[in-house]
Amino acid sequence: MKNNKLIHHTIILLLVSISFVFRADIIPENSHSVERTVVITNCNDFPDIQLIGCVSGVMPPNNPIYAIEENQQITSGYKFNSLYIFGIKRITLESIGGIDNITEEYMYANTTKVYKILTSGIYYINNSSSLSKDELYYEIVESLEGTFKVELKKRVLTFDDDTKTINY
């Protein structure tokens with residue numbers, strides 16, 4: 001009797017756990033998907049610096065560290081992952097043998113600024129909105145002190161009727 005009760009409780013716990021996992025990827029009721037595109041538009045303005053994307057989270061891709069190039073879509077893979085952006089001098093990158101030899105620990109130990117920004121992918125909003133596409137354009141900005149940051153410069157929202165709203 002005790003074993004049957006334990007088995008019964010284990011099965012219930014397993015079913016409840018599985019339902020939460022599957023619910024995470026279900027489109028919410030009365031909503032629709034919106035495609036988000038995120039790019040950095042002026043990487044080539046800083047030829048001495050290489051931006052590095054570092055993905056962390058529950059399901060990181062096989063290569064969680066990648067070079068970010070101008071106008072390339074910035075991604076983090078699975079929707080619950082996060083992307084952090086680091087800047088490294090190209091000469092330093094070459095001295096350690098390129099991007100294949102960089103680890104997340106190296107980036108945290110050898111850079112001063114870390115940026116977390118939205119990434120390309122799909123998100124869901126209420127059907128009362130006719131938004132269909134969300135484009136975010138970031139730029140690298142150098143401060144007077146010589147430090148760098150990534151700033152949102154323009155956002156273009158496209159709606160079902162192909163009208164656009166541009167925010168600067």
Side-chain angles (χ1 to χ4, degrees), residues 16-46 49-88 90 93 98-142 147-168:
V16 169
S17 299
I18 289 173
S19 69
F20 281 115
V21 169
F22 286 126
R23 178 152 172 72
D25 287 337
I26 293 175
I27 298 172
E29 190 174 326
N30 297 318
S31 66
H32 67 278
S33 63
V34 174
E35 178 188 352
R36 178 188 294 134
T37 303
V38 179
V39 298
I40 297 177
T41 60
N42 69 335
C43 294
N44 295 341
D45 293 349
F46 301 91
I49 296 176
Q50 175 64 62
L51 291 183
I52 305 286
C54 184
V55 178
S56 63
V58 293
M59 293 180 68
N62 290 337
N63 297 316
I65 296 174
Y66 65 93
I68 295 175
E69 304 297 338
E70 189 162 319
N71 295 316
Q72 166 196 3
Q73 282 194 29
I74 299 172
T75 64
S76 62
Y78 187 60
K79 66 182 176 181
F80 293 117
N81 289 344
S82 296
L83 174 77
Y84 295 90
I85 296 177
F86 300 88
I88 187 169
R90 288 187 190 269
L93 185 59
I99 197 163
D100 292 335
N101 293 322
I102 290 185
T103 63
E104 185 175 354
E105 294 78 20
Y106 178 88
M107 294 307 296
Y108 278 108
N110 294 290
T111 61
T112 56
K113 289 287 183 183
V114 178
Y115 303 96
K116 182 178 177 186
I117 65 173
L118 294 173
T119 59
S120 299
I122 301 291
Y123 65 94
Y124 300 98
I125 62 170
N126 191 291
N127 279 340
S128 63
S129 171
S130 62
L131 182 65
S132 62
K133 189 169 185 180
D134 185 3
E135 300 167 85
L136 301 167
Y137 298 93
Y138 287 86
E139 288 184 355
I140 303 169
V141 178
E142 185 174 9
T147 60
F148 296 91
K149 62 182 178 177
V150 179
E151 286 185 355
L152 179 62
K153 288 297 183 178
K154 182 170 78 170
R155 185 174 195 179
V156 179
L157 302 173
T158 304
F159 299 90
D160 290 339
D161 62 0
D162 288 330
T163 58
K164 294 183 183 217
T165 300
I166 300 173
N167 301 313
Y168 292 95

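Heads up: numbering here begins at 1 and tracks the sequence.
Contact detail for Ser76 and Ser82: the closest heavy-atom pair is CB-C, 4.2 Å. The two residues Ala67 and Gln50 come nearest to each other via the heavy atoms CB-NE2, 3.5 Å.
Ile102 contributes atom CD1, which lies 5.0 Å from atom CE of Met107 (distance to the nearest 0.5 angstrom). Taken from CD1 in Ile85 to CD1 in Ile74, the straight-line distance is 4.5 Å, to the nearest 0.5 Å. Atom CG of Leu51 sits about 8.5 Å away from atom CD of Glu69, to the nearest 0.5 Å. One distance of note links OG of Ser132 with CD1 of Ile125; it measures 8.5 Å at 0.5 Å rounding. The CD1 atom of Ile99 sits 3.5 Å away from atom CD1 of Ile52, with the distance rounded to the nearest 0.5 Å.
Proximity of Pro64 to Glu104: side-chain heavy atoms (C-beta onward) are nowhere separated by under 4.5 Å. When side chains are defined from C-beta on, Ile117 does not count as touching Leu136, because their heavy atoms never get closer than 4.5 Å. In this structure the side chain of Thr75 never reaches within 4.5 angstrom of the side chain of Leu83, judged on heavy atoms.
Put simply, the side chain of Tyr66 never gets that close to the backbone of Val55: no donor and acceptor are under 3.5 Å apart.
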Indicate every side-chain donor-acceptor pair of residues 158-168 with a distance under 3.5 Å to a residue at least two apart or in another chain.
| unit_1 | atom_1 | unit_2 | atom_2 | d |
| --- | --- | --- | --- | --- |
| Asp161 | OD1 | Thr163 | N | 3.1 |
| Asp161 | OD1 | Thr163 | OG1 | 2.7 |

Show me the side-chain donor-acceptor pairs of residues 30-46 shorter than 3.5 Å, one per line, residues at least two apart or across chains.
| unit_1 | atom_1 | unit_2 | atom_2 | d |
| --- | --- | --- | --- | --- |
| Ser31 | OG | Pro28 | O | 2.4 |
| His32 | ND1 | Asn127 | OD1 | 3.1 |
| His32 | NE2 | Leu131 | O | 2.7 |
| Thr41 | OG1 | Tyr138 | O | 3.4 |
| Asn42 | OD1 | Ile140 | N | 2.7 |
| Asn42 | ND2 | Ile140 | O | 3.0 |
| Asn44 | ND2 | Glu70 | OE1 | 3.1 |

For this session: Would you check, one step at a time, whether the test side chain to side chain contact (heavy atoms under 4.5 Å, CB included) holds for Ile88 with Tyr106?
Result: CA-CA 11 Å; Ile88 187 169; Tyr106 178 88; 3.9 Å; yes
Problem set entry | side chain to side chain contact (heavy atoms under 4.5 Å, CB included) between Phe86 and Ile68, worked out | CA-CA 10 Å; Phe86 300 88; Ile68 295 175; over 6 Å; no
Exercise. So Val58 and Asn81, side chain to side chain contact (heavy atoms under 4.5 Å, CB included) or not? Walk me through it.
Worked result: CA-CA 6 Å; Val58 293; Asn81 289 344; 4.1 Å; yes
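Remark: Lys149 pairs with Glu151 by the salt bridge (charged side-chain N to carboxylate O under 4.0 Å, His left out) rule, at least two apart or across chains.
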